[in-house]
Engineer: 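My questions all concern the structure below.
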Amino acid sequence: MAYDPSQIEPFWQRYWREHETFRVELEPSKPKYYVLDMFPYPSGEGLHVGHPEGYTATDILARFKRMRGFNVLHPMGWDAFGLPAEQHAIDTGTHPRETTRRNIANFRKQIESLGFSYDWSREIDTTDPDYYRWTQWIFQQLYERGLAYEAEVPVNWCPALGTVLANEEVIDGKSERGGHPVERVPMRQWMLRITAYADRLLEDLEGLDWPEPIVKMQRDWIGRSEGARVRFSVADHESAEIEVFTTRPDTLFGATYMVLAPEHELVARIASEDQRAAVAAYAEAARRRSERLRMAEKQEKTGVFTGAYALNPVNDERIPVWIADYVLAGYGTGAIMAVPGHDTRDWEFARHFDLPIVEVVSGGDVEEGAFVGEGSSVNSGFLDGLPTADAKRRMLEWLEEAGHGEAAVTYKLRDWLFSRQRYWGEPFPLAHAEDGAIELTPDVELPLELPELDDFRPSESGDTPLERAVDWMRVEDPATGRTLRRDRNTMPQWAGSCWYYLRFCDPHNTQALISPEAERYWMPVDLYVGGAEHAVLHLLYARFWHKVLYDLGVVHSPEPFQKLVNQGMILGYSYRYYDDDLADEGGPDVSRFSSREVEEDGETPRAADGRELKARWLVPPEAQRETDGSWRHAEHPEIELEEVVEKMSKSRGNVVSPDAVIAEFGADSMRLYEMFLGPLEKDAPWSVDGIQGVRRFLERVWRTLIEDSDGEEVLRELSTGSSSRDQARLAARAVQGVTDDLDAMRFNTAISKLMVYTRELAGLGPLSRECAETLVLLLAPMAPHVSEELWRRLGHEQSLAYESWPVADAALLVEATQRLAVQVNGKRRDEIEVPADADEESIRAAALASEKVQKHLQGREPRKLIVVAGRLVNIVG
RNA sequence: GCCCGGGUGGCGAAACCGGUAGACGCGGGCGACUUAAAAUCGCCUGGCCAAGAGCCGUGCAGGUUCGAAUCCUGCCCCGGGUACCA
């Protein structure tokens, strides 16, 4: 028997658990390192192969930093509230708590089987009342600071299902399950005033060690823009006034019409008699379209004239007021002044509806398209001749003097819709009085626990699941004795993940969400690793809460995550076809279609005859591969399937579990393989081609140290005394290379350097103990089980988790000579070897002395000679 | 649509700041060992042809530069996000 992970890995996992090897305490004398994974939602599908990628990366860092003397906080927990457990409860009647408990147990077992060095004594579960007690506490602080308020906000209401749907559950205006119509209807909701923190969220991005694209996405998401608010009066409607925001007040003379969002409150008031019906019909249709579709510019421009006119304040011209769904109610003021000459969407709209286009900034041709750049004002009265910047300033002065508007800043960022009409979330810690007053649940009554239910559906009357708990909903106000009603909503899943990184620092504190000592020592997070799909929302929400906690004095750093790394997504394969069974009823009449027979119409797939279709996804064995490489529906082989590569998800069925891989190759091979696949940040579809390579590497490492002697696995005899010079140089290069790569999180190249080191050691005669131990220590963060086993066999009694990381002897890294490429006119023609300290003059001479170079120069005099230190010489001639 | 990222051999990739394209691994080929196979070890493996001191080659088309996978412009394809999936 050779290397056998099925023996080694469980042994060491038990060893670490029993010895609490990775348990950490606050140790002020030691430098700390807090390395955090984005904790998972424990879904019923279990871990997929994408999870271990990020977790392996952070685990390598955690182990590496421990060996370099840091006190490492490396925790794991569960973001366990969420939609799937509740859906499952509705389908099966199983309490979400039970589903969640089972899923967590499964996730923990899978995660443990990979040998991660988590401090499990700090495990967190967001659905644990001891945890969400503090989520509720934070909400109360937000409320008391005026950062939580109630408002009427449109939601995806599905009358047939009697419930509000997540955007994901709505496809092209119909529910994903059953294809029932969905409309946007306003509902009273909790909102968090994240916009009050917009500027700080923007400014503090500055000092963070985050990938630049993520910073940019956050910046764009916040979308600060400076401009003006302008008020237009409405002709024949004394009291009506349309307020708009524009970044280009200098183009006000070019405003030839206005557009209101279909939901705008003025629409009903100002629509003229003869347009009323058309306006109502359009508004009704808009309610059925998703915001995403409405923002898509490629869509045909639609809109309806309201019959009303506004007065342009600069010239008192009557301009028509339209409604159109490209103007969104939730952004800005829900109304725009349209300047078709200088805004692309307005231009297209004006063209489509034959509205006037006026040039007010010179520099383009407004007949051909909108000119959105800067220039100088024309056709603009008192602005004429002014360059754009001055024209903006001048117009602002005029607006303020005339009382028609003022300078303003708006943000694309909207306040955060913070309530859900669901069961499986944190209850709001407050109650409502008849008169609308809100009483916070007293601190001693926290946590306010979820009521027990056995039916998790919304009620037919549109009540939320919580409203089924009649007794729970009713509460007596201890002060006045009057009866209050608890809030019928729960918090969104984001809530628990907004502050979990703080709780890991002090998970069992019953007096506070975190002690000042723990917070001062451990925070901020030094390295945060997770998927790029969280680039905006989770990270922005968590930063917002952190800043509120900063203002409350709970935390001392303005930002929670100092360094952020996004691991790439591991994608899965599925195989797509379409059918016309929109209501998911099945049966014999269903027609099926291959992709090539289907056209996309916006979000709606259609057959050649115009019939609406629905996409379906299969995975093997329902999808079968033919000998010609095509994929076919197993039951309907006439249907050719289209291969699609996407994020792994239940809806696609393309989730791949790591369990089988671990069983076959071992956890160390799995870890190494995921790291060896390519750079951590890169997306890639999952495949196990090539996992043999890292497994073979581990076997080679094993055989380098262990030999079979009469069926007994024993340590090879190691050479006595110190390493040979060649061995020492090889080891020094490996140490330097691996250390640099781990510091920069280049795990793939670190592994390749270890492969080279191992292979070349074999060619250098009897192995020295020093080289052997160096190999094991360098491998330890990446393949910890086999490394621990070899370390023990090398005669050490303690785990190597806290051994010192090897240091390279700088003197051994110096080379005596250097090889330089020699180019003639940029093409490589020869190579020369010169002393490492050769000066430029001798390098030139050596290059020109090359026969091959002379041949290619064909007698020409070199016009120019470029020497790049350590790299090459380029002779131009 | 908008925002972000990616595209290099048959495949995963490397090339870190504009300086020798393809390290390392998979797959494939040849050889050694073996009665044989597996395992292991060694060598070869971007394409083309007239086979050279040759030409071409990093999604496509251009540009900047002594020199471009890397920088710039335009385009194509793929992935992620798009505020109630997480």
Side-chain angles (χ1 to χ4, degrees), chain A residues 2 38 40-41 43 79 82-84 155-156 164-170 211-214 216-217 219-221 223 291-299 326 330 345 412-417 419-422 492-494 497 531-538 540-541 566 568-569 571 645-647 649-651 673 676-679 681-685 687 689-694 696-697 699-700 703 740-741 744 746 748-749 751-756 759 762 819-823 825-831 851-852 855-856 863-866 868-877:
Chain A
M38 289 184 187
Y41 171 72
S43 72
D79 188 14
L83 211 47
V155 297
N156 301 313
V164 175
L165 297 178
N167 286 343
E168 189 191 53
E169 301 173 296
V170 182
E212 195 46 47
I214 304 295
K216 189 167 185 308
M217 274 197 257
R219 248 187 228 125
D220 291 346
W221 190 262
E291 227 170 72
R292 178 126 20 118
L293 267 179
R294 288 174 54 175
M295 281 189 287
E297 279 181 310
K298 207 168 190 171
Q299 295 291 323
Y326 78 95
R345 279 179 305 187
K412 203 150 77 211
L413 181 69
R414 316 203 289 250
D415 276 342
W416 175 9
L417 174 58
S419 44
R420 303 289 185 266
Q421 294 69 51
R422 302 190 200 285
Q493 190 170 13
W494 305 110
S497 61
E533 68 267 36
H534 295 292
V536 180
L537 294 180
H538 160 63
L540 200 63
Y541 293 156
N566 284 123
M569 212 157 319
L571 308 169
V645 181
E646 287 173 309
K647 172 164 116 164
S649 71
K650 187 183 182 177
S651 67
Y673 178 58
F676 190 61
L677 267 177
E681 296 82 359
K682 200 179 158 150
D683 296 340
S687 113
D689 293 351
I691 193 168
Q692 267 311 337
V694 293
R696 281 205 274 259
F697 164 63
E699 284 171 355
R700 185 175 220 156
R703 281 196 315 274
D740 289 348
D741 282 349
R746 290 187 300 254
N748 52 336
T749 53
I751 293 166
S752 114
K753 278 167 189 147
L754 281 175
M755 288 172 166
V756 171
R759 193 185 55 208
R819 300 182 80 78
L820 300 177
V822 183
Q823 298 180 332
N825 295 329
K827 283 196 198 301
R828 181 177 183 276
R829 299 299 183 186
D830 200 6
E831 190 173 86
E851 264 180 57
K852 293 178 186 177
K855 197 116 196 164
H856 281 280
R863 280 190 287 120
K864 200 169 170 185
L865 213 152
I866 296 145
V868 183
R871 295 276 181 188
L872 55 67
V873 182
N874 189 13
I875 300 164
V876 185

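Naming convention: chains lettered A, B, ... in sequence-line order (proteins, then strands); numbering from 1 in each chain. This one's a predicted model, so the numbers in the text were calculated from it and none came from an experiment.
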Engineer: Determine if the base of B/rC17 is syn or anti; take syn to mean the glycosidic torsion is within 90° of 0.
Structural biologist: syn
Engineer: I need the minimum non-hydrogen distance between A/Gly690 and A/Tyr673, along with the two atoms involved.
Structural biologist: C-CE1, 3.8 Å
Engineer: Nearest whole Å is fine: how far is B/rA83 P from A/Leu417 CG?
Structural biologist: 11 Å
Engineer: Quick one: A/Arg345 CZ to B/rG1 P, roughly how many Å, whole number?
Structural biologist: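 My rounded result for the distance is 14 Å.
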Engineer: Please report the distance, rounded to the nearest Å, between CZ in A/Arg414 and C1' in B/rC84.
Structural biologist: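 Nearest whole value for this atom pair: 12 Å.
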Engineer: Using the C1' atom as the reference point in each nucleotide, state the distance between B/rG74 and B/rA23 in Å, no decimals.
Structural biologist: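 The same atom, C1', in both gives a distance of 34 Å.
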Engineer: Pick the C1' atom in B/rG47 and in B/rG9, then give their distance to the nearest Å.
Structural biologist: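 Comparing C1' positions in B/rG47 and B/rG9 gives a spacing of 9 Å.
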Engineer: Among the nucleotides B/rC16, B/rG19, B/rA83, which one has an atom lying closest to any side-chain atom of A/Lys753?
Structural biologist: B/rC16
Engineer: For the P atoms, the ones on B/rC17 and on B/rC85, what distance do you get once it is rounded to whole angstrom?
Structural biologist: 38 Å
Engineer: Can you check the distance between B/rC60 and B/rU65, where both ends of the measurement are the P atom (answer in whole Å)?
Structural biologist: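 It works out to 23 Å between them.
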Engineer: Distance between the P atoms of B/rG25 and B/rU40, in whole angstroms?
Structural biologist: 13 Å
Engineer: Tell me which nucleotide among B/rU20, B/rU82, B/rC84 gets nearest to the side chain of A/Trp221.
Structural biologist: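 Selected nucleotide (nearest to the side chain): B/rU82.
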Engineer: State which of B/rC84, B/rU20, B/rG25 makes the closest approach to the side chain of A/Ala166.
Structural biologist: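 Of all the options, the side chain of A/Ala166 is nearest to B/rC84.
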Engineer: Between A/Asp741 (CG) and B/rA23 (P), how many Å, whole number?
Structural biologist: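 The distance from CG of A/Asp741 to P of B/rA23 comes to 17 Å, rounded to the nearest Å.
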Engineer: Just to be sure I follow the notation: if a pair is Watson-Crick (purine N1 to pyrimidine N3 plus N6-O4 or O6-N4) or a G-U wobble (N1-O2 and O6-N3), each under 3.5 Å, what dot-bracket string does RNA chain B give, with | for pairs to another strand?
Structural biologist: (((((((..(((......[....)))((((((.......))))))((((..).)))..(((((..]....))))))))))))....
Engineer: Can B/rG9 be described as syn, meaning its chi torsion is within 90° of 0, or is it anti?
Structural biologist: syn
Engineer: In whole Å, what separates the P atom of B/rG28 from that of B/rA39?
Structural biologist: 10 Å
Engineer: Under 4.0 Å, counting only non-hydrogen atoms across every strand here, what does A/Val155 touch: a base, just sugar-phosphate, or nothing?
Structural biologist: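 Result for A/Val155 = base.
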Engineer: Would you indicate what A/Val756 reaches in the nucleic acid, counting non-hydrogen atoms under 4.0 angstrom: base, sugar-phosphate, or nothing?
Structural biologist: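 Sugar-phosphate, no base atom in range.
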Engineer: Please work out if A/Leu872 contacts a base, only the sugar-phosphate, or nothing of the nucleic acid, heavy-atom cut-off 4.0 Å.
Structural biologist: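 A/Leu872: base contact, heavy atoms under 4.0 Å.
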Engineer: Scan nucleotides 37-59 of chain B nucleotide by nucleotide, 5' to 3', and note B when protein non-hydrogen atoms come under 4.0 Å of the base, S if they reach only the sugar-phosphate, - if neither.
Structural biologist: ---SSS----------BSSS---
Engineer: Let me confirm one number: the CD-CZ distance from A/Gln493 to A/Arg422, rounded to the nearest 0.5 Å.
Structural biologist: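 Answer rounded to 0.5 Å: 10.5 Å.
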Engineer: Minimum heavy-atom separation for A/Pro685 and A/Val645, please, with both atom names.
Structural biologist: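 Shortest heavy-atom separation between A/Pro685 and A/Val645 comes out as CB-CG1, 4.0 Å.
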Engineer: For A/Ser651, report the nucleic acid contact type (base, sugar-phosphate, nothing); a contact means any heavy atom under 4.0 Å.
Structural biologist: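 Nothing: the residue A/Ser651, judged by heavy atoms under 4.0 Å, touches no strand.
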Engineer: Give a yes/no on whether any side-chain N or O of A/Asn748 is located under 4.0 angstrom from OP1 or OP2 of B/rA14.
Structural biologist: yes
Engineer: At under 4.0 Å between heavy atoms, what does A/Asp79 touch on the DNA or RNA strands: base, sugar-phosphate, or nothing?
Structural biologist: sugar-phosphate
Engineer: Within the 4.0 Å heavy-atom criterion, would you say A/Tyr41 contacts the bases, only the backbone, or no part of the nucleic acid?
Structural biologist: sugar-phosphate
Engineer: Assign A/Val164 to base, sugar-phosphate, or nothing according to its heavy-atom contacts below 4.0 angstrom with the strands shown.
Structural biologist: base
Engineer: Would you check if A/Leu754 and A/Phe697 make a side-chain contact, meaning some heavy-atom pair closer than 4.5 Å?
Structural biologist: yes
Engineer: Given B/rG5, is OP1 or OP2 found less than 4.0 Å from the side-chain N or O atoms of A/Asn566?
Structural biologist: no
Engineer: Using a cut-off of 4.0 Å on non-hydrogen atoms, how would the nucleic acid contact of A/Glu681 be classed: base, sugar-phosphate, or nothing?
Structural biologist: nothing
Engineer: Starting from C1' on B/rA23, measure out to CZ on A/Arg746 and report it in whole angstrom.
Structural biologist: 14 Å
Engineer: Return the CG to CG distance between A/Asp741 and A/Asn748, rounded to the nearest 0.5 Å.
Structural biologist: 8.0 Å
Engineer: Between A/Val876 and A/Asn825, which heavy-atom pair has the shortest distance, and what is it?
Structural biologist: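 Distance-wise, the nearest heavy atoms are CA-OD1, 3.4 Å.
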Engineer: When you check the phosphate oxygens OP1 and OP2 of B/rC85, does a side-chain N or O of A/Lys650 lie under 4.0 Å from one of them?
Structural biologist: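 For B/rC85, OP1/OP2 do not have a side-chain N/O of A/Lys650 under 4.0 Å.
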Engineer: Do the charged groups of A/Glu212 and A/Arg219 touch, with an N to O distance under 4.0 Å?
Structural biologist: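 Judged by the 4.0 Å cut-off on N to carboxylate O distance, A/Glu212 and A/Arg219 do form a salt bridge.
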Engineer: State whether the distance check finds a donor on one side and an acceptor on the other, under 3.5 Å, for side chain A/Arg863 versus base B/rC66.
Structural biologist: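 Result: no qualifying N/O pair found.
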Engineer: Under 4.5 Å between any side-chain heavy atoms of A/Met755 and A/Val694, yes or no?
Structural biologist: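 Contact flag for A/Met755/A/Val694 side chains = yes.
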Engineer: Do A/Asn566 and A/Glu681 come close enough that some side-chain heavy atom pair is under 4.5 Å?
Structural biologist: no
Engineer: Considering non-hydrogen atoms only, spot the tightest contact between A/Met217 and A/Val536 and give its length.
Structural biologist: CB-CG2, 4.0 Å
Engineer: Round to the nearest Å and state the distance from A/Ile214 atom CD1 to B/rU82 atom C1'.
Structural biologist: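 The answer, rounded to whole Å, is 14 Å.
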Engineer: Which residue in the set A/Lys855, A/His856, A/Gln823 passes side chain to side chain contact (heavy atoms under 4.5 Å, CB included) when paired with A/Arg829?
Structural biologist: A/His856
Engineer: Mark yes or no for a side-chain to base donor-acceptor pair under 3.5 Å between A/Glu533 and B/rC85, with no hydrogen or angle criteria applied.
Structural biologist: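 For A/Glu533, whose side chain was compared with the base of B/rC85, there is no donor-acceptor pair (under 3.5 Å).
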Engineer: Using a 4.0 Å heavy-atom cut-off, does A/Pro492 contact any base of the nucleic acid, only the sugar-phosphate backbone, or nothing at all?
Structural biologist: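 The answer is nothing, as A/Pro492 stays clear of every strand by at least 4.0 Å.
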Engineer: Under 4.0 Å, counting only non-hydrogen atoms across every strand here, what does A/Ile866 touch: a base, just sugar-phosphate, or nothing?
Structural biologist: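 Base contact.
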Engineer: For B/rC76 and B/rA61, measure between their C1' atoms and round to the nearest Å.
Structural biologist: 11 Å
Engineer: So which one's nearest nucleotide on RNA chain B is more toward 5', A/Asp220 or A/Ala532?
Structural biologist: A/Asp220
Engineer: Suppose we call a contact any N or O donor and acceptor under 3.5 Å apart; does that hold for the side chain of A/Asn874 and the base of B/rC66?
Structural biologist: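 For A/Asn874, whose side chain was compared with the base of B/rC66, there is a donor-acceptor pair (under 3.5 Å).
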Engineer: OP1 or OP2 of B/rG5 less than 4.0 angstrom from a side-chain nitrogen or oxygen of A/Lys216, does that happen here?
Structural biologist: no
Engineer: Taking the nucleotide of RNA chain B with the nearest heavy atom to each, does A/Leu413 or A/Arg819 sit closer to the 5' end?
Structural biologist: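 Result of the comparison: A/Arg819.
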Engineer: If I take atom NE2 in residue A/His534 and atom C1' in nucleotide B/rC85, what distance separates them, rounded to the nearest angstrom?
Structural biologist: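 Atom NE2 in A/His534 sits about 10 Å away from atom C1' in B/rC85.
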Engineer: Just compare B/rC24, B/rC84, B/rA21 and give me whichever is closest to any side-chain atom of A/Arg828.
Structural biologist: B/rA21
Engineer: Quick one: is A/Gln823 getting a side-chain N or O under 4.0 Å of the B/rG67 phosphate, OP1 or OP2?
Structural biologist: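 So the side chain of A/Gln823 is outside the cut-off, no N or O lying under 4.0 Å from OP1 or OP2 of B/rG67.
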Engineer: Once you apply a heavy-atom cut-off of 4.0 Å, does A/Pro679 come out as touching a base, just sugar-phosphate, or nothing?
Structural biologist: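 Here A/Pro679 touches the backbone only, sparing every base.
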Engineer: For B/rU8 versus B/rG57, give the span between their C1' atoms, rounded off to a whole number of Å.
Structural biologist: 10 Å
Engineer: Specify the closest pair of heavy atoms between A/Ser497 and A/Asp79, including all atoms of both residues, with the distance to one decimal.
Structural biologist: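 So the minimum-distance heavy-atom pair works out to CB-OD2, 3.9 Å.
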Engineer: If you take all heavy atoms of A/Trp221 and A/Leu537, which pair is closest and at what distance?
Structural biologist: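 In this case the closest contact between A/Trp221 and A/Leu537 is CZ2-CD2, 3.6 Å.
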Engineer: Would you check if A/Arg746 and A/Asp740 make a side-chain contact, meaning some heavy-atom pair closer than 4.5 Å?
Structural biologist: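 A/Arg746 reaches A/Asp740 side chain to side chain.
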Engineer: Please give, in whole Å, the distance from B/rG5 P to A/Met217 CE?
Structural biologist: 7 Å
